[in-house]
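Everything below concerns the one structure shown next.
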Amino acid sequence: MDLRIVVVHPDLLGTYGDGGNGVVLLQRARWRGIEAELVDAPSDHALPGGDLYCLGGGEDAAQTASAHRLREDGTLAASVARGVPVLAVCAGYQTLGRSFAAADGRPLPGLGLLDVVTVKGAGPRPVGEILAEPCDPGLPVLTGFENHGGHTARGVDAAPLARVLSGVGNGDGTEGAITGKVIGTYLHGPVLARNPALADLLISWVTGAPLAPLDDAEEQALREERIAAVRVRRQLRRAGRS
Amino acid sequence: MTTSARTRAAVLATTVVNALSRRFGAGSGTVAGGHAGLALDPRLLEHLASNRRIALVSGTNGKTTTTRLLAVAVQGSLGRPATNATGSNMPTGHVTALAGAPPGAPAVLEVDEGYLPGLVTSLSPEVVVLLNLSRDQLDRTNEVRMVASKWRAALAGASRTTVVANADDPLVVWAASSAPHPYWVGAGLEWLADAVGCPACEGRITFAGSSGRSGPGGRGGPGGRAGAGLWRCECGFGRPSLDVRLEDDDVVLADGRRVRLELALPGRFNRSNAAMAAAGAAALGVPWQESLPRIALVEEVAGRFAVVEVGGCTARMMLAKNPAGWRELLDLVCPGDTPLVVGINARIADGRDPSWLWDVPFERLRGRMVVATGERCRDLSVRLRYAEVAHRTVRDPVAAVRAAHIGAGGALGRSGGDRAPGPAPDPVPRPVSVDFIGNYTAFSDLMARACARRDAPDAREGSPAWT
Ligand SMILES: [Zn+2]
C-alpha cells in the first residue's frame, strides 16, 4: 500500500519544528518498505486528500487564519469522518477543539473534531520539558517540550492522551486528548521524534497491521537522556525545598 | 550630586567594575560595570550618548558582523567609533562601550531586537540599520510580529533618524515604513517561513522569483529564499522601490553605478551584511568607494570564521543561532567535502527547546562525514538519522573535532542510512582541516578551549569574548 502524509498549513503552523513529525512518519514507513510520500499543504490551496494528517504549532494570528481556512475547506473534517488519523500539536491541537482563544482572549470557533475547549491560561506560560504517562498501556512514557499559553478543558467525548508526571499539559493534570484516531497534544520535540512508538501507532492505524521493529538506538538514547534530565531537576527542586 | 557629577561617578564605576571583572575572570568585563554605572545614574546611557553621532544595528541575524563592518567602514572619515564588538547588545554593554570612548567619538552599537524601540526613542540616533526578523530562541521571545510592531511604533517618531532597512524582508519593511526617512536596501533574504503572512492585513505575501527551496525532508516548502525578486500582498503592501541593491557580487547604486564586493568573509549572507553596513556608512556621509574597500578586508568577526587549533587539529569556526543562520551556513559548507562537526547546546542563551533542528535542512549533508556534538548531541543525532546523514555522536566537542579529523580517511562510524561504503580507510590520518558549526554556547565553549591559529585583527585589538 502507499501512505500519503499531509502536513497541514506549514506556512502558518510551522513555528516549532513540528514539520518534523511528517518527516518521522515518512521515514519510519519507508524504512519498513511501505511506499510513502510527504505532502506540504499550504494554506492558500485546497487541502489535498491524504491517509494521515499532521498539524503543528503556530502564533495566534496564524492559528486563527488556519482554523478559518480549514473550516471553510471542509476536507479535514470529512477525512476524520472516514476514519483518517490526525496528529495535532499545540496550536493545531487547540484548532481541532470546539473553540480556542484569540490573541485578545475572545473565543473563536475551532473544527470541533475533538471535544475540548481552550481558554487563555492564568499565570505564567508553561515553557519547559514535559513528561506524561499515556493512558494507552501499549505506549511508553511520553517526553516533549511544551510552550503554550492555553488551558484546555476536555468534554465527555475526549479521553486524555496521558497523565502528566512533570510539566503542565492541559492544565488539569492530564495531557492532550484522543477521540477515535484523532490525537491532540502540547508536546513539541517534535513529539514523534522523541516518541517513535506514537509514530508507529499512527502508521499502524493506516496500514491496519503490526509493524516490524526498527533499530531505534538513537531515539532511545535521546529519550533516556530527556527523561533523566526531568527526574534530576525534580529531585533537585525537592531537595531545595526540604 | 549634580547630574554631571553623578554621571562622572557612574562612568568611573562602569570602568572600574569592568576592569575588576576582567581581572578576576568573573565575566567578559562588559556587563557588570554597565550594571554598576546604570545603578548610580539610570540615565547614564543618554548622558554618554549626547554630542555623539550614533548608529544602531539590529535584526535577528548578522548584527555582530554588520556592527563590526560598519565600525570599520566609518573609522577613516569619522574617527575610531565606540562599539560593543563582543556582542554585549543590551544597555549594560552599550554603557560599557561608551564609558571607555573619548568625548565626541562616534558610536556604532549592536542592539538586541527587544531593546531597539527604547534606544531609538531615548538616543535619537542618526542612523538605524535593520537587517531581518525571523524566529529565534522560541522559548524566550515568542512572536517576531510583535517585535516588528514595536519597532514600527518607535520608528514612527524618529524624525531625526535615517532608517537603513532590508527591503527584501517584509517584516522589516513593515517596521521601517513608518519612519520619516527610510533608506531601502535590496539585501536579499534567505528564510521566508516567517515572512509569508502579511503584517499589514494578515493576508498572504507572494514572492516573485522565490526558488522554493526544499525544506525538511527534502521537499519544497516554506523557508525557501527570496531572490532579488519583488514581493507584495493583495492589500497593496509590497517591496518599496530600492535606493540601492545587492546583485550577485555587485552593489548597484541608485544612479546605476556598480561597485564590486570582494570580501574576505565568505557567504551570501556576509555580502548582504556588507551592503547593509556600507549603506549605513553612506547615511553617515561616508562614500561607498571609501567604505567598501575597508569592509572587504575584514576576515573574521568575534571568532566567526576564525581558523583555530583544537585538540591538535585545525578547525574553521562558524556560528549559527537559528534556522535562517543554519541555512546560510549549510549553503556555504555544502559544496565541499571537509569533515563537519555540528555542536548543539540548549542553555538559556541558546533557547532551551532544540525543536528548531527540524526546521534546518540537514538533508543537504547526505554523503558528508558529520560528527554530532554538544550537550544536545542526542537531539541532533536523531535529526541526522531521519535526514539519512551518516554520523557519529561524540558529546565532548574537542573529542568530536578529533574524531572528525581522524575519521576523514573514510572510516567514520555508524551509518544513518544509505551511505555507500567508501574506500578503505587511510592507515595514517591525513592533515585535514575540520569545519565546526555550533549554536551560541556550543560555539563560544569550543572557542574558549581553542588556541588562536593566526593573528586575527579582533584578537590584536584585545577584545575577544572568549578569554
Ligand atoms: Zn496585506
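Numbered from 1 within each chain, the chains take letters A, B, ... in sequence-line order.
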Contact list for residues 184-198 of chain A, test salt bridge (Lys or Arg N to Asp or Glu O under 4.0 Å), sequence neighbours left out: A/E129-A/R194

Which atoms of A/S43 approach chain B - backbone, side chain, both or neither, heavy atom under 4.5 Å: both

Proximity breakdown for A/A221 and chain B, heavy-atom pairs closer than 4.5 Å: both

Partner chain A: residue of B/M146, B/R204, B/R145 with the largest heavy-atom pair count (under 4.5 Å): B/R204

Gap separating the [atom1] atom of [X] from the [atom2] atom of [Y], nearest 0.5 angstrom:
| X | Y | atom1 | atom2 | result |
| --- | --- | --- | --- | --- |
| B/I205 | A/D11 | CD1 | CG | 12.0 Å |
| B/R376 | A/L222 | CZ | CG | 7.0 Å |
| A/E218 | B/D379 | CD | CG | 11.5 Å |

Beyond-backbone contact of B/W358 with A/D18, side-chain heavy atoms, under 4.5 angstrom: no

Flag side-chain contact, heavy atom, 4.5 Å: A/Q220 against B/R378: no

A/D215 bridged to B/R385 by N-O distance under 4.0 Å: no

Ionic contact status for A/E225 with B/R395, cut-off 4.0 Å: yes

Closest non-hydrogen atom pair between B/R352 and A/G128, with its separation: NH1-CA, 4.4 Å

Test salt bridge (Lys or Arg N to Asp or Glu O under 4.0 Å) applied to A/E224 - qualifying residues, sequence neighbours left out: none

Partners meeting side-chain contact (heavy atoms from CB on, under 4.5 Å) with A/Q27 (sequence neighbours left out): A/V23, A/R30, A/W31, B/R366, B/Y386, B/E388

Contact residues of residues 84-95 of chain A (partner chain B; heavy-atom separation under 4.5 angstrom): none

